[in-house]
Amino acid sequence: MGLQTLFFYLFAFIAVASAFMVISARNPVYSVLFLILCFFNSAGLFLLTGAEFLAMILLVVYIGAVAVLFLFVVMMLDIDFNQLRSGVLDYAPVGALVGLILAAELIIVVAGSTFSPEIAKTVSMPIPAVTDRTNTAALGDVIYTHYIYYFQIAGLVLFVAMIGAIVLTLRHRPNIKRQNISEQVARVPATAVEVVKVKPGQGL
């Protein structure tokens, strides 16, 4: 076993273990910290495969911005996580079905590459040599040229997921005055202005 293989198994084991702890930890702060650990080990796996650009992007964007933002939101907002978890069992069958589909897809991909090594020769867009095309340029060719529509669809899906997360976690606290745009737009002069006639010598 070479040094590169040893580091691969080390990074992979820690990444899988930390990913499991993300969904099993009771404290949401610990979940975010385990998520950061998973990102670190995923960046190490990218480095082992020669994708140094993806490794740096994972560290800078996901750990430096997204994960830290999650940590601040979890620590600063007063969210009742027990109330959020109360309806988890209602969506368990759908979640289990999606998990089985993803597991089947991963098994098909791994089994196909293991039992049929010649599949790698039939790839329509093989990875170019580093001397011919840099890693960053080759990645840009794939994402922004050949698969630009799929890239935009993925961005749209993430945008919808962000809106859904905001709607699910939004909680209106009682006894707090909030701005109602529809009521302000529907106001008329009769309801917006009140004329009070004050008698001489009396106040309001």
Side-chain angles (χ1 to χ4, degrees), residues 2-5 7-23 31-74 94-95 97-169:
L3 187 61
Q4 185 175 358
T5 306
F7 275 107
F8 169 78
Y9 284 111
L10 178 63
F11 289 147
F13 175 77
I14 298 178
V16 172
S18 57
F20 177 77
M21 291 301 299
V22 169
I23 62 176
S31 297
V32 178
L33 293 178
F34 279 117
L35 181 64
I36 294 175
L37 179 61
C38 182
F39 284 156
F40 266 112
N41 290 274
S42 300
L45 292 175
F46 278 130
L47 284 177
L48 291 178
T49 57
E52 67 283 348
F53 177 75
L54 292 178
M56 293 302 105
I57 287 297
L58 189 63
L59 292 177
V60 173
V61 176
Y62 281 89
I63 297 178
V66 178
V68 175
L69 179 62
F70 286 167
L71 185 61
F72 280 141
V73 169
V74 169
V94 179
L97 178 61
V98 174
L100 289 176
I101 294 174
L102 292 177
E105 292 177 351
L106 290 175
I107 291 174
I108 291 173
V109 171
V110 173
S113 61
T114 303
F115 296 104
S116 300
E118 65 274 4
I119 293 180
K121 299 178 182 179
T122 62
V123 177
S124 59
M125 294 183 59
I127 300 175
V130 180
T131 56
D132 300 334
R133 196 72 167 163
T134 61
N135 182 264
T136 306
L139 184 63
D141 293 338
V142 173
I143 295 179
Y144 301 110
T145 303
H146 302 281
Y147 297 99
I148 179 62
Y149 296 111
Y150 299 102
F151 180 74
Q152 292 177 348
I153 292 174
L156 181 62
V157 171
L158 292 176
F159 178 69
V160 173
M162 180 185 67
I163 295 177
I166 294 174
V167 172
L168 291 175
T169 57

For a quick test of reading the model, state the closest non-hydrogen atom pair linking Ala15 to Cys38 and the distance between them.
O-SG, 3.6 Å

Taken in chain and number order and not counting sequence neighbours, the residues that satisfy side chain to side chain contact (heavy atoms under 4.5 Å, CB included) with Ala137 are Arg133, Thr134

Could you pull out every donor-acceptor pair under 3.5 Å between side chains of residues 149-162 and any protein atom, sequence neighbours left out?
none

Kindly list each side-chain donor-acceptor pair under 3.5 angstrom involving residues 47-61, sequence neighbours excluded, with atom names and distances?
residue : atom : partner : partner atom : Å
Thr49   : OG1  : Leu45   : O            : 3.4
Thr49   : OG1  : Phe46   : O            : 2.8

Residue from Leu33, Leu35, Ile36, Leu37 passing side-chain contact (heavy atoms from CB on, under 4.5 Å) with Val22:
Leu35

Are there over 12 heavy-atom neighbours, none belonging to Phe40, within less than 6.0 Å of that residue's CZ?
no

Is any side-chain heavy atom of Tyr9 closer than 4.5 Å to a side-chain heavy atom of Thr5?
yes

